[in-house]
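Values reported hereafter were calculated over all heavy atoms of this structure, with side chains retained and with hydrogens, waters and symmetry mates removed. Here the structure is a predicted model, which means the values were calculated and not measured. Read the numbers this way: they start at 1 and go in the same order the structure lists the ligands and their atoms. For this chain, numbers begin at 1 and follow the sequence in order.
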Amino acid sequence: MKIIYSIKEMSDFSKKMHLQDQTIGFVPTMGALHVGHLSLIRKARGENDKVVVGIFVNPMQFGPKEDYKRYPRNLKLDAQLCRQEGTDVIFYPDVRQMYPANYKTYVVVQDLSDCLCGKFRPGHFKGVATVVTKLINIISPDVAYFGQKDAQQAIIIKKMVEDLNLAVKIKAMPTIREKDGLAMSSRNTYLHKDQRRDAVVLYQALTQAKDLIRQGNRDSLDIIRKMRRLINKRRSANIQYISIVCPQDLKPVDKIRNKVLIALAVFIGKTRLIDNIVVSP
Ligand code: PAF
């Protein structure tokens with residue numbers, strides 16, 4: 001396995017692979033790899049000749065008061081995990097290469113970026129769309145793999161790829177969960193012991209919503225009210241939003257008639273966690 005630090009070297013590698021008719025599967029990450037990331041790498045490994053894992057903590061997608069500086073970074077451990085999963089290349093560019101001092105260009109996916117998490121993290125999806133576009137242009141992968149845990153991100157990236165005619169297939173893979181249901185996230189490492197116990201309530205609330213829908217409840221407001229009640233029982237939990245939306249355009253759904261995306265963001269102590277499920281009535 002190689003670690004490539006330079007954009008030029010990364011593009012040259014990809015060009016060489018394509019000349020040899022080798023397909024490239026790409027897993028973009030910000031490092032601090034966990035089992036969820038490894039499942040994406042495994043999937044990429046099974047479907048492509050070469051696997052590239054991107055590790056770049058992208059400053060553009062963090063707000064000024066967010067955790068960019070303290071975001072966990074551990075290249076040595078990440079490299080070990082990537083190697084175990086049969087990764088061919090880790091692409092590990094630095095910030096100055098990705099965003100030189102005179103950087104001016106951004107990618108914005110309108111509307112889809114302003115709701116749900118976007119409402120509370122202005123500029124976040126502009127940062128994500130911009131960096132993913134750059135990474136796709138540098139690596140030219142055949143397929144790029146994202147986690148369904150970041151459902152809004154996956155929807156935005158798919159739309160961006162469609163609108164900009166980028167020659168890559170986007171796959172959103174199922175959320176990987178801890179035994180108790182907590183979605184795997186690099187930010188789970190921030191949680192203290194009692195917070196970790198409380199954090200399971202995100203999944204419990206989503207499961208409760210799914211059960212209510214399956215039992216015939218079609219009233220989003222009522223379902224959200226019940227989810228709130230459950231989450232508010234946990235001392236360290238502070239709800240940022242709970243929404244029931246259409247999984248295509250992310251518009252709120254009042255009466256549930258078709259498949260819906262139920263998404264939420266909850267602070268557990270100071271740690272902001274997100275989760276979601278897609279439910280059919
Ligand atoms: O999901 C993430 O880890 C990031 O948002 C991504 C896609 C790597 C872009 O920085």
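- Judged by distance alone, with hydrogens and angles left aside, the side-chain atoms of R73 form a donor-acceptor pair with the main-chain N or O of Y71 at under 3.5 Å.
- Of the protein's non-hydrogen atoms, M30 CG, 3.7 Å is the one closest to atom 3 (O) of ligand 1.
- Counting atoms of ligand 1 from 1 in the listed order, those under 4.0 Å from a heavy atom of P28 are 8 (C).
- Each of the atoms 1 (O), 2 (C), 4 (C), 5 (O), 7 (C) of ligand 1 lies under 4.0 Å from some heavy atom of Q153.
- More than 12 heavy atoms of other residues, nucleotides or ligands shown are found within 6.0 angstrom of NE2 on H18.
- Of all the heavy atoms of T29, the ones lying under 4.0 Å from any atom of ligand 1 belong exclusively to the backbone.
- When atom types are taken as modelled, the side chain of R45 and the backbone of D49 share a donor-acceptor pair closer than 3.5 angstrom.
- What sits closest to atom 9 (C) of ligand 1 on the protein, heavy atoms only, is Q61 OE1, 3.3 Å.
- With D142 contributing its side chain and I24 its backbone, the two residues share a donor-acceptor pair below 3.5 Å.
- In terms of modelled atom types and a separation under 3.5 Å, the side chain of E162 and the main chain of K159 share no donor-acceptor contact.
- Residue contact check: V131 has heavy atoms under 4.0 Å from atoms 9 (C), 10 (O) of ligand 1.
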